[in-house]
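Reading through the structure tokens given below for one structure.
Reminder, nothing fancy here: chain letters follow the sequence lines and each chain counts from 1.
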2 protein chains.
Amino acid sequence: MSEVAATGISVLLVDDHPIVRQGYRRVLESQGDLHVVAEADNAADAYGAFKAHDPDVVVLDISMPGASGLEAIRNIRARSPRARILVFTMHNEAVLVKSAFAAGASGFVTKSSEPSAVVNAIRSVARGERAMSDDIAHVLAEDSLSPTGSVLDQLGEREIEILRQFAGGATTEEIAAQLNLSVKTVQNYHYLIKSKTGARTDAQLVRLAATCGLTRI
Amino acid sequence: MSEVAATGISVLLVDDHPIVRQGYRRVLESQGDLHVVAEADNAADAYGAFKAHDPDVVVLDISMPGASGLEAIRNIRARSPRARILVFTMHNEAVLVKSAFAAGASGFVTKSSEPSAVVNAIRSVARGERAMSDDIAHVLAEDSLSPTGSVLDQLGEREIEILRQFAGGATTEEIAAQLNLSVKTVQNYHYLIKSKTGARTDAQLVRLAATCGLTRI
DNA sequence: TGCAGCTCGGGCAAATTTCCCAAGCCGGAT
DNA sequence: ATCCGGCTTGGGAAATTTGCCCGAGCTGCA
């Protein structure tokens, strides 16, 4: 930690947009204590860059939520549990946030945050603290958080089956007929799945199912 | 034009993310000939800022594409036909690109472009030329070769925008707020889109949007 | 034995969806 | 000029679904 104080905080920037990366780099470098020691433009390269530079903080800016970003987090954390990862994205869905923290992220800030909030989050994460922007805290607070794992782990077999069929495009009646259940039961499952996963929309449910490999599109 | 050569190119930055704006500003300013004279964080403010500063180029970085962005373009162009607008977004769907040019944009570059390509695009646009990044040209080329009527061809601009947001996971209220429509109108669009496309389920709608490249999962 | 969690469904108010309709606007055809 | 058709915007009302509460029958497990 003393070396951090002496040399500042080294940062690995992961973002798939070059100019966005360059912009962030300049913003961070202008802070004085933050130094971007490496960049990566995709989740796959992120771990290699992490290994090579051992940064204090990884700033992961994933415009496309879901598997690739979460995968990168898990990848890095699995092999370097000390890694500090700050997710930085424009998305603010509870599902995503919870998945990110579950995957091992140390912080989560949205792009709507003030630049000062972002750099402060980086400093917090570097100190080993958890950090999140106000809007994220609000989203999580709304969402009566349950200590969950990989989203699908919270679901029972029946729930998963119904989610699969639903995401595949089946109507409630079709699912009920297919599984020999009453429509009411399927509706209840539908609701239950949404509340368990934190999805507030059918569309979010489909995306969730897709990123979990439950259905392909 | 000679004044452009003498004083450089003045730029109005429009983006809803503060830190992104700050990043771009630094990147552009570092070029020497590009000067960010104003910023706006939403489509509504864009025209006011344009009027107040009369920039050579407007760089519109809309994370949420569609009506609000297209609207801003039309707004500015309607009252200042000389305006040069460069759309700068992470989206690369042919529908969006064509709509943007139809609305009066002078250029379209994606965030996957190299920073040098972006600043060159700004310079081209300032000279009154049309500009687009390589990937956009590629997308448009592909699109022009496919006479296949995509499902999207049946949909109007508003419908496409609402479909995109819906498939992205937004609720009806969020879409209504975002586009400044009544919830009722969004509901009607929702229904209309379903009947036009033949989708009987929200999930089918999401899959449709995904296969049309309207949203990625 | 008893608790916990899954599965299955009823009930009911609140919300949404489903259609149908109308009006304004604009572009193109007559 | 005029009309037609399509887009956009929303109201209305019936039908359906959702949100959330509930109980009951299973199972496994402590």
Side-chain angles (χ1 to χ4, degrees), chain A residues 94 142-144 146-149 151-167 169-206 208, chain B residues 43 66-75 77-78 95 98-99 102-104 149 151-167 169-206 208:
Chain A
E142 293 280 329
D143 188 90
S144 62
S146 54
T148 130
V151 186
L152 282 190
D153 295 344
Q154 333 164 42
L155 301 181
E157 196 178 305
R158 224 46 303 208
E159 292 161 340
I160 288 185
E161 175 57 23
I162 286 173
L163 174 55
R164 180 203 320 283
Q165 298 215 23
F166 173 76
T171 67
T172 306
E173 286 88 351
E174 286 166 355
I175 298 176
Q178 173 85 26
L179 300 183
N180 237 279
L181 296 175
S182 85
V183 170
K184 182 61 191 178
T185 299
V186 177
Q187 288 176 341
N188 277 337
Y189 273 116
H190 191 343
Y191 166 71
L192 201 63
I193 294 168
K194 280 210 256 184
S195 47
K196 276 193 181 181
T197 59
R200 291 171 311 124
T201 281
D202 286 352
Q204 290 179 12
L205 222 45
V206 175
L208 187 75
Chain B
S68 58
L70 295 180
E71 206 46 55
I73 297 177
R74 267 189 285 270
N75 242 317
R77 292 280 300 186
V95 214
K98 289 198 281 189
S99 304
V151 194
L152 294 184
D153 294 345
Q154 327 164 40
L155 302 180
E157 187 181 298
R158 242 336 53 151
E159 291 161 343
I160 289 184
E161 173 57 21
I162 286 173
L163 173 55
R164 180 205 315 284
Q165 298 216 22
F166 173 76
T171 68
T172 306
E173 284 90 350
E174 287 166 354
I175 299 176
Q178 170 92 24
L179 301 182
N180 234 276
L181 296 175
S182 83
V183 169
K184 181 63 191 177
T185 299
V186 177
Q187 288 176 341
N188 277 337
Y189 272 115
H190 191 344
Y191 167 71
L192 198 63
I193 294 168
K194 279 209 255 186
S195 48
K196 275 194 183 182
T197 60
R200 291 172 312 124
T201 282
D202 285 352
Q204 290 178 10
L205 222 43
V206 175
L208 187 76

Distance check needed: [N] [atom2] versus [X] [atom1], whole Å only.
{"X": "A/I162", "N": "C/dG9", "atom1": "CD1", "atom2": "C1'", "answer": "12 Å"}
{"X": "A/L179", "N": "C/dG9", "atom1": "CG", "atom2": "P", "answer": "11 Å"}
{"X": "A/I175", "N": "C/dC8", "atom1": "CD1", "atom2": "C1'", "answer": "15 Å"}

Does B/S182 place a side-chain N or O at less than 4.0 Å from the phosphate oxygens OP1/OP2 of D/dG10? yes
Sequence neighbours excluded, which residues qualify as side-chain contact (heavy atoms from CB on, under 4.5 Å) partners of B/S182?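 Per chain and number, B/S182 pairs via side-chain contact (heavy atoms from CB on, under 4.5 Å) with B/K184, B/T185.
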Listing time: all N or O pairs from protein to nucleotides 4-7 of chain C that are below 3.5 Å?
from  : atom 1 : to     : atom 2 : distance (Å)
C/dT7 : OP1    : A/E157 : N      : 3.4
C/dT7 : OP1    : A/R158 : N      : 2.8

Do any pairs count as a salt bridge (charged side-chain N to carboxylate O under 4.0 Å, His left out) and have a residue in residues 193-203 of chain B, sequence neighbours left out, and if so which ones?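 Those involving residues 193-203 of chain B are A/E174-B/R200, B/E159-B/K196, B/K194-B/D202.
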Could you walk me through whether B/Q204 and B/T197 satisfy the side-chain contact (heavy atoms from CB on, under 4.5 Å) test, starting with their C-alpha distance in whole Å, then the side-chain angles of each, then the deciding distance to 0.1 Å, before giving a yes or no? CA-CA 10 Å; B/Q204 290 178 10; B/T197 60; over 6 Å; no
What one-letter contact string describes nucleotides 14-29 of chain D from 5' to 3', where B marks a base within less than 4.0 Å of any protein heavy atom, S marks contact via sugar-phosphate atoms alone, and - marks no contact? ---SBBB---------
pair [X]-[Y]: side-chain heavy atoms closer than 4.5 Å:
{"X": "B/L179", "Y": "B/I175", "result": "yes"}
{"X": "B/E173", "Y": "B/V186", "result": "no"}
{"X": "A/F166", "Y": "A/T172", "result": "no"}

CD on B/E161 to CG on B/L181, rounded to 0.5 Å: 10.0 Å
Could you pull out the protein-nucleic contacts involving nucleotides 22-27 of chain C (nitrogen or oxygen on both sides, under 3.5 Å)?
none

Is there a salt bridge (Lys or Arg N to Asp or Glu O under 4.0 Å) between B/R164 and B/E157? Walk through the geometry before answering. CA-CA 11 Å; B/R164 180 205 315 284; B/E157 187 181 298; over 6 Å; no
How sharply is the helix from C/dT1-D/dA30 to C/dT30-D/dA1 bent, taking the axes over five pairs at either end and rounding to 10 degrees? 30°
